[in-house]
Amino acid sequence: MTGGGAAEQRRHPRLRQGAVVAATLAVVVVLPLVVSQFRLALLSKYLVFAVVAIGLNLAWGYGGMLSLGHGVFFGLGAYCTGMYLKLAEAGSGLPDFMSWSGVSSLPAIWAPFRHAWFALPAAVLVPMGVAALLGASVFRRRVRGAYFALLTQALAAAFAILLVGQQGLTGGTNGLTNFSTVFGLEPGNPRTTQILFFAAAAAAAVAFLVVRQIVQSRFGRLLVAVRDGEDRVRFLGYDATRVKVVAFALSAGLAGLAGALFVPIVGIISPADVGVVPSIEMVVWVAIGGRATLAGPVIGALLVSYANTALSEWYPDGWLYLQGALFVVAVVWAPRGLAGLADRFRHLAWRPGSRRRAEVAVGAASP
Amino acid sequence: MAALLQITGVEVGFDGSLALAGVELAIDEGEIRFLIGPNGAGKTTLIDVVTGLTRPSNGSVRFDNRELVGRREHEIVALGVGRTFQTPSVFEQLSVVENLDLAANHRAGIRALMRRRRGVAPAVAEALEAIQLSDRADAQAGVLSHGQKQWLEIGMLLVQSPRLLLLDEPVAGMSAEERTATGELIERIAERCTVVIVEHDMEFLRRFARRVSVMHEGKVISEGSVERVRADPLVQEVYLGRSRDRRGHDPALDQQASTAEPPETTEVPAR
Ligand SMILES: Nc1ncnc2c1ncn2[C@@H]1O[C@H](COP(=O)(O)OP(=O)(O)OP(=O)(O)O)[C@@H](O)[C@H]1O
Ligand SMILES: [Mg+2]
């Protein structure tokens, strides 16, 4: 029966898509009713991470740009939002941490963040701008592969150090926290948690659809072509540098969007959330979920973050090792991650005749 | 009349030695020119210079009266100069038709790029036909045979309708039939654009070449019809001597010899 149903679904991709959309919507609507507020807030955080992973996959999975510094873009988005929230709470005065660190007047860079219409677009546009500038200067010089990864890694380290050092401007190690109001909502209120959950779910859906459209467009094919043969693409008449810059900036914009949501949901943004370690975790989500697959990064971010919460309560150090091990396993044996494995499994289990074909393939390989 | 491609005094140095030592070459519009020369003569390097991959330390490359030296690769393509590589370099993760579609849209704006490909454009369908890959349009380029990849690469140039095509050993590694078919394809292409072909293969040369330029140690040392070039003592000294050498190890010839042997041995007892 299952096989027949699956075959039916394959023949009607529209139908299958509709079923997936309906199921997702149902889960999103029902979850807030059945899980505790605490768990709902955790889920919202995982969804925010999924947005990061979807964006990072565009750059790394499809574009071959392994960024070990996406925490920077995530952080830029988060700090933009955090600044707005701090100023909204301070009213005409100074944010609390500034008074403690002896700052007497509001720094000029903070002033425009008083306005939501400035701060919220900035949360996406600032990371995009930084990524575009970085990309334009670096890709033009054909810095790629491991060199690019190291460079972004260094950027993440420098960013965290800068944030810690500028205590009066950034809140230092503590970061920005203790918000007494979240866009006019009361933090900690169950209603607020629900609204933020819906916002996170909507962001994840938008990110997913945008990246899907890009990947399936000519630009997406071009991006894959750049990943597999950048020089060849130039001789096709395309400016490969520009293609990479666009994809990298879009990827950074999604990380910024995620950062902007992270702050109200978790209630804090600090250097510990944006440095080297979080940046690497973002890559792990994509690798385990499956790079260059559409669903993989979502699955990876949700599952790995959940496992992180569940396991690190018992055994914090163990989780770090396990995560590292999973990463290595994924990269070496399952380059398309869980999504790739699921695909393979589905083909084996459900395709009529695929068993036979698989046996033939094995038979052909053995002698 | 000025030549379509005018190369003057081009020099390229690698680690102290000159790969190109003052190349002079002029190609007229509509020509099909063969570029030959022993290994390391600088043929590929010359194509690299014309297409912007390598920047010469001296000299100029004028295409249609515009200087190419200093321009970026994609700008040179936009002016109408296309090339292939010595080893086929199609996008293996994309399908045949996607490879051609990307090539065909290199002048498209961002809006066209952000849309999905719907159907097959007439120019792409025509190219599929010309390179005999119509029935493999949706196959991944990675699974094609070596010869088919070379053809796909030529097809990707076809859809761009360039004014000048630079082909670096387009029949290397092909079977005899594939070579002939490729030669015929190139002749058809040459009706519409100027072609420069780098090729070692003597059979191929005899069959398809009209004008030939011979390179040796970074210079063009002889030029003319196949007969004239073959008769040039300078060419005989540097090239044909080596060519005989190559023949001794030519796997294609060795194979012919081995397939020719069995009939003889079976015929002997019959006699
Ligand atoms: N990237 C490079 N770095 C250093 N030397 C190079 C480089 N590319 C080419 N050369 C040298 O420049 C010279 C010309 O090489 P080129 O590849 O142009 O020769 P070719 O005529 O195309 O030879 P072949 O018939 O083997 O393809 C050779 O001596 C080669 O070793
Ligand atoms: Mg060569």
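Just so it is clear: chains get the letters A, B, ... in the order the sequence lines come, proteins before strands, and each one is counted from 1.
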Which of Asn99(B), Leu102(B), Val90(B), Leu157(B) touches chain A most, by non-hydrogen pairs under 4.5 Å: Leu102(B)

Just so I understand: if I count every heavy-atom pair under 4.5 Å between each of Arg227(A), Arg140(A), Gln213(A) and chain B, which residue has the most? Arg140(A)

Could you state the interatomic distance from [atom1] ([X]) to [atom2] ([Y]), rounded to the nearest 0.5 Å?
| X | Y | atom1 | atom2 | answer |
| --- | --- | --- | --- | --- |
| Phe91(B) | Arg232(A) | CZ | CZ | 5.5 Å |
| Leu5(B) | Ile7(B) | CG | CD1 | 4.5 Å |
| Glu199(B) | Thr182(B) | CD | OG1 | 9.5 Å |
| Leu56(A) | Leu254(A) | CG | CG | 10.5 Å |
| Ile154(B) | Lys149(B) | CD1 | NZ | 14.5 Å |

Within the structure provided, determine whether [X] and [Y] are in side-chain contact (heavy-atom separation under 4.5 Å).
| X | Y | result |
| --- | --- | --- |
| Lys244(A) | Arg144(A) | yes |
| Leu152(B) | Leu100(B) | yes |
| Val196(B) | Leu167(B) | no |

Chain A-proximal positions within residues 49-86 of chain B [heavy-atom distance under 4.5 Å]: Thr51(B), Leu53(B), Arg72(B), Glu73(B), His74(B), Val77(B), Arg83(B), Phe85(B)

Where along residues 106-118 of chain B does a heavy atom come under 4.5 Å of chain A, listed by residue number? His106(B), Ala112(B), Leu113(B), Met114(B), Arg115(B), Arg116(B), Arg117(B)

Does Arg188(B) come within less than 4.0 Å of Glu184(B), counting only side-chain N to carboxylate O? no

Aromatic contact between Phe219(A) and Tyr238(A), with the criterion being ring centroids under 6.0 Å apart: yes or no? no

Atom group of Leu94(B) that falls short of 4.5 Å from chain A, counting heavy atoms: side chain

For Val159(B) and Ala127(B), the nearest pair of non-hydrogen atoms, with its separation, is CG1-CB, 3.4 Å

Please state whether the rings of Phe204(B) and Phe34(B) are parallel, tilted or perpendicular, taking 30° and 60° as the class boundaries. tilted

Assign the ring pair Phe139(A) / Phe148(A) to parallel, tilted or perpendicular, where the plane angle (0 to 90°) is split at 30° and 60°. tilted

Residues of residues 282-300 of chain A near chain B, each having a heavy atom less than 4.5 Å away: none

Determine which residues belonging to residues 122-138 of chain A lie within contact range of chain B, meaning some heavy atom pair is under 4.5 Å apart, and list them by number or answer 'none'. none

With a 3.5 Å distance limit and no angle check, can you tell me whether Ser95(B) reaches the backbone of Ala139(B) through a side-chain donor-acceptor pair? no

Using atom types as modelled and distance alone, determine if a side-chain donor or acceptor of Glu153(B) lies under 3.5 Å from a backbone N or O of Ser89(B). yes

